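The structure under discussion appears below in the form of structure tokens.
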Amino acid sequence: MAVIKLPPNETYPAIFIFGDSTVDTGNNNNRVTPSKANYSPYGIDFKGKVATGRFSDGKVPSDMIVKELEIKELLPAYMDPNLQPQDLITGVCFASGGSGYDPLTPKLASSWSLSDQLGMLKEYIVRLQGIVGANKTNFILTKSLYLISLSSCDIANVYFGPTLRRYEYDFNSYTDLMLKYATQFLKEIYSLGARRIGVLGAPPIGCVPSQRTIAGGVRRQCGEGHNQLAMLFNAKLTTLLDSLNKDMPDSRMVYLDIYNPLLDLIEHPEKNGFKIAEKGCCGSGLIEVAPICNPSSAICTDVNDYVFWDSFHPTERAYKIITSQIIKNASNTLFGHQ
């Protein structure tokens with residue numbers, strides 16, 4: 001991956017990431033929740049082969065972006081008990097596996113909700129002021145990069161999951177519900193100083209292995225409803241960010257497309273040297289994720305052949321390709337001149 005070229009005199013002092021398991025770097029490790037990844041075979045390709053709570057065989061996009069920006073090697077989890085004061089200055093990850101925009105989503109997964117993650121940011125600000133003082137804190141908050149990656153669990157685990165959501169809401173009203181909470185959150189972080197904000201859209205969640213198994217019929221095709229809901233959410237999110245940018249002075253809120261880069265990997269795996277895109281490397285690859293991808297699971301012989309690590313999360317290699325694509329597409333809007 002090429003290092004991001006920022007305009008002259010532009011730097012990101014820190015990065016803050018909110019979201020779900022796609023970007024969580026270990027915030028759920030000490031929480032009572034099924035959404036954990038701090039045991040093998042997770043982390044088999046991480047330095048030292050340790051399971052850190054990252055939902056992959058190695059690094060996740062949070063780490064890749066912070067390295068791209070030449071800030072640091074890895075983005076630590078805010079809830080890591082070993083977090084050092086020094087770590088706080090250059091940014092942390094607040095994301096929690098199983099979380100979503102819909103308040104029912106984290107409740108179902110016993111994970112940190114979006115309002116919990118906002119609470120962590122507020123607590124973080126107080127801690128940072130204690131380390132670097134109020135002026136430096138304000139500088140860091142205003143100049144840093146904020147990324148939000150949510151929606152997969154809302155769609156897969158709640159709307160199409162074992163809840164009444166899909167009987168209470170049609171696609172249109174459910175995406176409105178998600179966006180209502182997204183709007184509240186974006187306004188809140190803006191009020192705390194956030195100005196450079198990237199929001200990831202929904203992925204083609206119907207094509208991840210577990211959803212093919214659940215919703216794709218005997219041939220395990222992509223769950224069409226899942227993908228339609230994701231695309232509707234993405235279209236509305238783009239419009240929302242445009243209107244918030246007009247209403248909020250100095251804000252640069254940018255839609256980051258993950259739908260197309262991931263779909264391309266799934267539909268044309270061989271283009272990037274992958275062989276298998278319809279199942280994960282862990283276990284049978286059809287349904288295993290979190291608790292059922294565990295030390296007793298068999299794993300594939302060559303993880304580099306696979307787009308997906310478990311039935312929900314890409315491999316480190318796939319994440320690298322997707323992250324690189326997202327950054328390339330956003331380099332002018334998010335990383336370029338205002």
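Everything quoted here is computed from the prediction, not taken from an experiment.
Both Leu186 and Leu118 are part of a single hydrophobic cluster, where members link through side-chain heavy atoms under 4.5 Å apart. The hydrophobic cluster containing Leu83 does not contain Phe46, counting ILVMFWY residues as joined when their side-chain heavy atoms lie under 4.5 angstrom apart, directly or transitively. The hydrophobic clustering, which links ILVMFWY residues whose side-chain heavy atoms are closer than 4.5 Å, places Ile214 and Ile205 apart. In the hydrophobic cluster analysis, where Ile, Leu, Val, Met, Phe, Trp and Tyr join through side-chain heavy atoms closer than 4.5 angstrom, Leu74 is grouped apart from Tyr124. Ile287 and Val307 fall into different hydrophobic clusters, defined by Ile, Leu, Val, Met, Phe, Trp and Tyr side-chain heavy atoms under 4.5 Å apart, directly or through other members.
A heavy-atom distance below 4.5 Å is found between the side chains of Val199 and Leu241. Side chains of Leu229 and Phe160 form a contact here, defined as non-hydrogen atoms less than 4.5 Å apart. Side-chain contact check for Trp309 versus Pro314: every heavy-atom pair is 4.5 Å or farther apart. In this structure, the side chains of Lys122 and Leu192 come closer than 4.5 Å at one or more pairs of heavy atoms. Two residues are said to be in side-chain contact when any heavy atoms from C-beta on lie closer than 4.5 Å; Thr105 and Met178 fail this criterion. Using a 4.5 Å cut-off on side-chain heavy atoms (C-beta onward), Leu88 and Ile131 make contact. Annotation: side chain of Cys293 is in contact with side chain of Pro41 (closest heavy-atom distance under 4.5 Å). Side chains of Val60 and Thr22 form no contact here, defined as non-hydrogen atoms less than 4.5 Å apart.
The two residues His226 and Ala156 make their nearest non-hydrogen contact at CD2-CA, 4.3 Å. The minimum heavy-atom distance between Cys282 and Asn294, with the atom names listed, is SG-N, 4.5 Å. Smallest separation of non-hydrogen atoms from Lys72 and Thr90: NZ-OG1, 2.8 Å. Minimum heavy-atom separation, Asp310 to Phe312: OD1-N, 2.9 Å. Of all non-hydrogen atoms in Cys281 and Val303, the two that sit nearest each other are SG-CG2, 4.1 Å. Shown here for Tyr39 and Ala51, the closest heavy-atom pair between the two residues is N-CB, 3.3 Å.
The salt bridge (charged side-chain N to carboxylate O under 4.0 Å, His left out) search around Arg165 returns Asp102, Glu168, not counting sequence neighbours. Qualifying salt bridge (charged side-chain N to carboxylate O under 4.0 Å, His left out) partners for Lys59, counting only residues two or more places apart in sequence or in other chains: Glu73. Annotation: ring pair (Phe, Tyr, Trp, His ring centres under 6.0 Å) contacts of Tyr101 (sequence neighbours excluded): Phe233. Judged as a salt bridge (charged side-chain N to carboxylate O under 4.0 Å, His left out), and not counting sequence neighbours, Glu288 has no contacts.
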Please assess Ser173 against Asp170 for the test side chain to side chain donor-acceptor pair (under 3.5 Å), listing each intermediate value before the final yes or no.
CA-CA 5 Å; Ser173 55; Asp170 60 12; 2.8 Å; yes
Pair Glu278, Arg212 - check side-chain contact (heavy atoms from CB on, under 4.5 Å), show working.
CA-CA 8 Å; Glu278 70 289 346; Arg212 282 177 183 259; 3.9 Å; yes
Does the pair Asn28 and Ser96 meet the rule for a side chain to side chain donor-acceptor pair (under 3.5 Å), with working shown?
CA-CA 6 Å; Asn28 284 5; Ser96 174; 2.6 Å; yes
Test side chain to side chain donor-acceptor pair (under 3.5 Å) on Thr213 and Arg220 and set out the steps.
CA-CA 5 Å; Thr213 304; Arg220 293 184 67 250; 3.1 Å; yes
So Asp242 and Asn245, side chain to side chain donor-acceptor pair (under 3.5 Å) or not? Walk me through it.
CA-CA 5 Å; Asp242 286 345; Asn245 278 329; 4.9 Å; no
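Interatomic distance, CG of Asn157 versus OG of Ser35, reported as 7.5 Å (0.5 Å rounding). Residue Ile65 holds its CD1 atom at 8.0 Å from CD of Glu68, rounded to the nearest 0.5 Å. Between Met120 atom CE and Cys93 atom SG the span is 9.0 Å, to the nearest 0.5 Å. Taking OH of Tyr255 as the reference point, atom CG of Asn329 lies at 10.5 Å (rounded to 0.5 Å). To the nearest 0.5 Å, atom CG of residue Asp20 and atom OG of residue Ser111 are 9.0 Å apart. With rounding to the nearest 0.5 angstrom, the OH atom of Tyr146 is 12.0 Å from the OH atom of Tyr190.
Using a 4.0 Å cut-off between charged nitrogen and carboxylate oxygen, Arg54 and Asp63 count as a salt-bridge pair. The existence of a salt bridge linking Lys271 and Asp264 is confirmed by a sub-4.0 Å separation between a basic side-chain nitrogen and an acidic carboxylate oxygen.
In summary, the side chains of Tyr78 and Glu123 do present a donor paired with an acceptor at a separation below 3.5 Å, with no hydrogens or angles considered.
Side-chain N or O atoms of Asn38 include none that pairs as donor or acceptor with a backbone N or O of Thr52 at under 3.5 Å. The main-chain N or O of Met253 is never found under 3.5 Å from a side-chain atom of Ser251 such that the two would form a donor-acceptor pair. Distance alone, capped at 3.5 Å, places no donor-acceptor pair between the Ser149 side chain and the Val23 backbone. Side-chain atoms of Gln84 come within 3.5 Å of backbone atoms of Asn82 as a donor-acceptor pair (strictly under, hydrogens ignored). Counting only distance, with no hydrogens or angles, the side chain of Arg252 and the backbone of Arg196 share no donor-acceptor pair below 3.5 Å. With hydrogens and angles ignored, the 3.5 Å screen pairs a side-chain donor or acceptor of Asn27 with a backbone N or O of Ala95. In this structure, the side chain of Ser144 engages the main chain of Ala14 through a donor-acceptor pair within 3.5 Å. The closest donor-acceptor contact from the side chain of Thr323 to the backbone of Lys320 lies at 3.5 Å or more, if one exists at all. No side-chain donor-acceptor contact under 3.5 Å links Lys143 to the backbone of Tyr12. Judged by distance alone, the side chain of Asn227 and the main-chain N or O of Gly206 form a donor-acceptor pair under 3.5 Å.
Environment of CD in Gln86: sparse, with no more than 12 heavy atoms of neighbouring residues, nucleotides or ligands closer than 6.0 Å. Counting heavy atoms of neighbouring residues, nucleotides and ligands inside a 6.0 Å radius, atom CG of Asn135 does not exceed 12 of them. By the 6.0 Å contact criterion, NZ on Lys279 is open, its count of non-hydrogen atoms from other residues, nucleotides or ligands being 12 or less. Atom CD of Glu224 has 12 or fewer heavy atoms from other residues, nucleotides or ligands within 6.0 Å.
Under the 30°/60° scheme for interplanar angles, the aromatic rings of Phe18 and Phe94 are found to lie parallel.
Listed by chain and number, the hydrophobic cluster partners of Tyr259 are Met231, Leu263, where partners are ILVMFWY side chains within reach of under 4.5 Å, directly or through others. By the 4.5 Å side-chain criterion applied to Ile, Leu, Val, Met, Phe, Trp and Tyr, Tyr306 is assigned to a cluster that also includes Ile276.
Tested against His313 for a side chain to side chain donor-acceptor pair (under 3.5 Å), the candidates Ser21, Ser56, Ser210 yield a single pass: Ser21.
Between Tyr169 and Tyr159, the gap from one ring centroid to the other reaches at least 6.0 Å.
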